[in-house]
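To start, the structure itself, in structure tokens.
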Amino acid sequence: MAAQDVGEAEEISERVERDVKRQAWAGEFHGGLLPFGIDGERQIVKGKLRYVRFWHHTTDAPRVTDAVRRVLAGESLYGIAKDFGMSRGR
């Protein structure tokens, strides 16, 4: 029975991995926390609360865009974080 359980666990793992890859290639959200700068609308779909629509957060998205531009221009992460009022937690 243990061998059967191991085989079943491997099959489930492979199926989940395939689905996560499929969702990533399709650009679909596959759960977890939304990325910073993104907001979403949730609705109950097939008995589960799911995100059904996404958009750029009106205040966070411009800050993310600015931070990315500054990193690509060679500014330090420390300087950018300081400008955003962030500091290293101790």
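Just so it is clear, the values below take in all heavy atoms, side chains as well, and ignore hydrogens, waters and symmetry mates. Since we're looking at a predicted model, the values are computed, not measured.
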(message) Between T59 and H57, do the side chains contain a donor N or O and an acceptor N or O under 3.5 Å apart?
(response)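 Result is yes, a qualifying pair exists.
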(message) Check whether T65 reaches the backbone of A61 with its side chain - one donor and one acceptor, N or O, closer than 3.5 Å.
(response)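 Yes, T65 side chain to A61 backbone: donor-acceptor pair under 3.5 Å.
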Counting heavy atoms not belonging to [X], are there more than 12 under 6.0 Å from its [atom1]?
{"X": "E8", "atom1": "CD", "answer": "no"}
{"X": "R42", "atom1": "CZ", "answer": "no"}
{"X": "W55", "atom1": "CH2", "answer": "yes"}

(request) Salt-bridge test for D19 and R15: reply yes if a basic N is under 4.0 Å from a carboxylate O, no otherwise. (result) no
Do you know which two heavy atoms are closest between [X] and [Y], and how far apart they sit?
{"X": "F84", "Y": "R63", "answer": "CD2-NH2, 3.0 Å"}
{"X": "R50", "Y": "V45", "answer": "NE-O, 4.2 Å"}
{"X": "L77", "Y": "V71", "answer": "CD2-CG2, 3.5 Å"}

(request) Apply side chain to side chain contact (heavy atoms under 4.5 Å, CB included) to the pair I38 and H56, showing each step before the final yes or no. (result) CA-CA 5 Å; I38 303 293; H56 289 102; 3.7 Å; yes
(message) Within this structure, what is the CG-CG distance for the pair D60 and L34, rounded to the nearest 0.5 Å?
(response) 11.5 Å
(request) Output the distance between atom CD1 (I80) and atom CD (E75), rounded to the nearest 0.5 Å. (result) 5.0 Å
